[in-house]
Every structure is written in structure tokens, then in C-alpha cells.
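Structure first, commentary second.
If you read the sequence from its start, that first residue is 1, and numbering goes on from there. Reckoned from all heavy atoms, side chains included, excluding hydrogens, waters and symmetry mates.
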Amino acid sequence: MKYLLDTNIFIESKNRYYSFDIAPGFWEWLNRAMTNGDINSIKNVYDELMNGNDKDLLTWINSRKGFFLDIDENTLKYVKDLSTGAGDQHYKQHAMNTFRQSADLFLVAYAKAHGFVVVTLEKPEPNRKSRIKIPEACQHLKVEYCNTFDMMRSLKAKLIL
């Protein structure tokens, strides 16, 4: 399986479970998994991260630009489907507009077009109509998704001292 990482994976990992000073092994493993082609992300996620103000994370991300894939024609057909079809859930117009401008839309569409599993910390909230979450978009396109821990178990990650 190949995995496509959401913006929140980088931010939450750095700020919570796997800060650079406490868990450098996580970042080493992530780098190795990227090099092996097990995980990627997309340029839209890179752009979101680069708009942040965390210098350490920006330095780490910026030195791995090649890990972030460009959106291609195959992805764009799913972008169109998702940007119109996600409204089937009767989300508020503001939620639809926000989703159409987010990296999330492109992340899920890319995963569908290229057979990736999306990795996110978001959880579905089907009754919430004010925001479209990644799991709901994945469900719409029948894209598999998981969290960081499930991805690490699947790839047999070991963070050993």
C-alpha cells in the first residue's frame, strides 16, 4: 500500500507525539518511507505547510520538496467529481466553497486517481454540515483512509532507541 499524507500529519506529529527533540526516530523513519516510495503528499499540502510559521517544520519540509507530488490531469477529473458531488450530503454553501479551495480536495482526488490511502487525523462527522472533512470526501470517492498509527503499523515502522 502507498500512503498520501494530509497537512495535519506533519503539524500534529511535530507539535504533539513526535516533536523533533523527543522523537527524531519518527522523522528518520518518515524520511526513509518517503525515499522508499511508501508515502508521499501533494504540492497543495506543501503550500499549506509553507504558509505556516513553524521554522523547524518548514526547514524539514522544504528540504523534501520532491516528496510532494504535482497534480496531474488524471487527478483533475476526480477534483471535478468531488467538488460537485460532495454536495450530495447537503453541506452548507460555505462548507462547499471552503472545501473547493482546500488542499483536502486535491489530496483525496489524487489518492483516488493513483490508488493511495489517505492518512489524516480527521474523523468523520456526517451530521456536521458546516465543514467537509477528509473522511467524508474519501467515502464519497470510495478512497481508503487511515490515521498515522495505522499507516505506521501497516508499513511495520519501528522507532527503537
Side-chain angles (χ1 to χ4, degrees), residues 1-72 75 79 82 86 95 98-128 130-161:
M1 248 182 249
K2 291 177 66 169
Y3 296 90
L4 202 62
L5 278 57
D6 180 21
T7 306
N8 68 21
I9 298 302
F10 299 100
I11 295 170
E12 291 296 315
S13 294
K14 193 264 178 194
N15 291 335
R16 292 182 184 235
Y17 309 111
Y18 305 115
S19 63
F20 290 126
D21 60 334
I22 294 173
F26 171 78
W27 299 94
E28 291 169 21
W29 173 82
L30 198 64
N31 196 58
R32 186 173 304 142
M34 289 167 27
T35 301
N36 292 342
D38 294 325
I39 62 174
N40 284 95
S41 195
I42 59 170
K43 179 78 167 77
N44 307 65
V45 167
Y46 174 85
D47 292 342
E48 277 189 351
L49 290 164
M50 293 310 289
N51 285 328
N53 58 7
D54 184 324
K55 287 185 179 186
D56 292 334
L57 184 57
L58 293 177
T59 299
W60 194 90
I61 294 298
N62 201 34
S63 66
R64 288 156 182 85
K65 265 186 189 172
F67 164 73
F68 296 89
L69 305 169
D70 291 323
I71 299 303
D72 59 10
T75 301
V79 166
L82 192 54
T98 301
F99 181 70
R100 286 182 186 121
Q101 297 172 19
S102 73
D104 297 352
L105 168 69
F106 293 92
L107 186 76
V108 175
Y110 194 96
K112 177 67 176 180
H114 298 280
F116 281 82
V117 174
V118 174
V119 183
T120 185
L121 295 175
E122 291 183 7
K123 295 181 177 157
E125 292 184 56
N127 295 326
R128 182 180 176 168
S130 60
R131 180 171 174 233
I132 300 171
K133 292 196 164 194
I134 287 174
E136 291 141 15
C138 285
Q139 289 167 351
H140 177 77
L141 286 183
K142 296 178 177 54
V143 170
E144 191 176 341
Y145 66 93
C146 69
N147 63 37
T148 313
F149 303 112
D150 292 335
M151 172 192 65
M152 291 174 70
R153 284 185 186 99
S154 173
L155 293 175
K156 299 181 180 3
K158 300 286 183 209
L159 306 178
I160 302 170
L161 292 175

Sub-4.5 Å side-chain heavy-atom contact between Met152 and Leu159: yes
Shortest non-hydrogen contact between Cys146 and Val117, atoms and distance: SG-CG1, 3.9 Å
N/O donor-acceptor pairs under 3.5 Å from side chains in residues 18-30, not counting sequence neighbours:
{"unit_1": "Ser19", "atom_1": "OG", "unit_2": "Asp21", "atom_2": "OD1", "d": "2.8"}
{"unit_1": "Trp27", "atom_1": "NE1", "unit_2": "Tyr18", "atom_2": "O", "d": "2.5"}

Hey, does Ile61 have a side-chain heavy atom less than 4.5 Å from the side chain of Phe68? yes
Distance from His114 atom NE2 to Lys2 atom NZ, nearest 0.5 Å? 9.5 Å
Will you find, in the side chains of Tyr110 and Asp72, an N or O donor that is under 3.5 Å from an N or O acceptor? no
Around atom CZ of Arg64, are there more than 12 heavy atoms from other residues, nucleotides or ligands closer than 6.0 Å? yes
So CZ of Phe106 and CZ of Arg100: to nearest 0.5 Å the spacing works out to 11.5 Å
Smallest heavy-atom separation, Ala111 atom then Val118 atom, equals CB-CG2, 3.5 Å
Given side chains that start at C-beta, do those of Thr35 and Phe67 come closer than 4.5 Å, heavy atoms only? no
Between Lys123 and Pro135 the two heavy atoms that sit nearest each other are C-CG, 3.8 Å
Check: Leu155 and Ile39 side chains under 4.5 Å, non-hydrogen atoms: yes
Can you name the closest pair of heavy atoms from Leu58 and Gly52 and give their distance? CD1-O, 3.5 Å
How many angstroms lie between atom CD of Glu122 and atom CD1 of Ile9, to the nearest 0.5 angstrom? 9.5 Å
Answer yes or no: does atom CE of Met50 have more than 12 heavy-atom neighbours from other residues, nucleotides or ligands under 6.0 Å? yes
Are the side chains of Arg131 and Thr98 in touch, meaning some heavy atoms are under 4.5 Å apart? no
Please round to the nearest 0.5 Å and tell me the distance separating atom CG of Leu5 and atom CG of Asn40. 8.5 Å
Please verify the inter-ring angle class for Tyr17 with Phe149; under 30° counts as parallel, over 60° as perpendicular, anything in between as tilted. perpendicular
Heavy-atom distance under 4.5 Å between the side chains of Tyr145 and Asp6, does that happen here? no
Nearest heavy-atom approach of Leu107 to Ser41 is CD1-OG, 4.3 Å
Just so I know, are the side chains of Asn147 and Asp150 near enough to count as touching, which here means a heavy-atom distance under 4.5 Å? yes
Output for pair (Met151 CE, Thr120 OG1), nearest 0.5 Å, gives 11.5 Å
Quick check for you: to the nearest 0.5 Å, what is the distance between Leu49 atom CG and Trp60 atom CH2? 10.0 Å
Phe116 vs Leu69, side-chain contact (heavy atoms from CB on, under 4.5 Å): CA-CA, chis, key distance, verdict: CA-CA 12 Å; Phe116 281 82; Leu69 305 169; 4.2 Å; yes
